[in-house]
Each structure stands twice: as C-alpha cells, then as structure tokens.
Amino acid sequence: RTPCSTGVYELMKEKKRILDFAKENPQIEVVTKLNPQRIPHVVGTYAGSIDHQVGIKNSTADEIVDVLYKLRNRSARETSSLEHW
C-alpha cells in the first residue's frame, strides 16, 4: 500500500459510495481492482473502444468520486482546440 493510494483504499472500504454510483448509473459497468505497488488511476471505456485514463494519485475519496462523475459526463470524442482567425 503506497501513500499515494490512501484515498482509493478509503473509498474501497466505504463500498456504499461506489455501489450508490453504480445504482445511479446502470448504463455504466463499474469494476474495481486493486493493483498493489501501482499508481492508482480510473479508466473510462466508451463505445468504439475509446479509453480515457485519469490519474488519481494523492486524491481523496471525494475527489475520486468527482472523477467518476466527470468521466460519466465526458464525450468519447477527442477534444481539439479552436483556432482563432
């Protein structure tokens, strides 16, 4: 267990928050997996096999839940910057 994953372990102990997120969002498959000695991250996989990975190193449980909601709301399309003329 590394210090950078304290928030992840805290969230995993609270199981209710993850279960509530899964129940509120039945269209999303929620899979949890602990990888000891690895930097924690969350992966959102969208239709068309597009993945978005977000690092959650040193994040609190509340910040991790926010990341889950942001991935839920995110479009699978790549974002591009607009050029000004």
**Asked** Of all residues at least two apart in sequence or in a different chain, which pass the side-chain hydrogen bond (donor to acceptor under 3.5 Å, both in side chains) check with Lys16?
**Response** Asp20

**Asked** With Thr32, which residues qualify under side-chain hydrogen bond (donor to acceptor under 3.5 Å, both in side chains), at least two apart?
**Response** none

**Request:** Verify side-chain contact (heavy atoms from CB on, under 4.5 Å) between Ile18 and Met12, making sure each step is shown before the conclusion.
**Result:** CA-CA 8 Å; Ile18 295 174; Met12 297 290 276; 4.0 Å; yes

**Item:** Separation between CD of Glu10 and OG of Ser5, rounded to the nearest 0.5 Å
**Value:** 11.5 Å

**Request:** Hey, could you give me the CG/CG distance between Asp62 and Leu11, rounded to the nearest 0.5 Å?
**Result:** 9.0 Å

**Glu14: partners by salt bridge (Lys or Arg N to Asp or Glu O under 4.0 Å), with sequence neighbours left out** = Arg17

**Request:** Only counting residues at least two apart or in another chain, list the ones meeting side chain to side chain contact (heavy atoms under 4.5 Å, CB included) with Asn35.
**Result:** Lys33, Arg38

**Fill in**
Taken in chain and number order and not counting sequence neighbours, the residues that satisfy side chain to side chain contact (heavy atoms under 4.5 Å, CB included) with Val43 are His41, Thr45, Asp51, Gln53

Donor-acceptor pairs are to be reported for all side-chain atoms of residues 64-72 against protein atoms at under 3.5 Å, with residues two or more places apart or in another chain.
from, atom 1, to, atom 2, distance (Å)
Tyr69, OH, Glu24, OE1, 2.6
Arg72, NH1, Asn25, OD1, 3.0

**Item:** Greater than 12 external heavy atoms within 6.0 Å of Ile28's CD1
**Value:** yes

**Message:** Minimum heavy-atom separation for Pro26 and Lys23, please, with both atom names.
**Reply:** CD-O, 3.7 Å

**Prompt:** Is it the case that one hydrophobic cluster holds both Tyr9 and Leu19, taking links as side-chain heavy atoms less than 4.5 Å apart, direct or via other members?
**Reply:** no

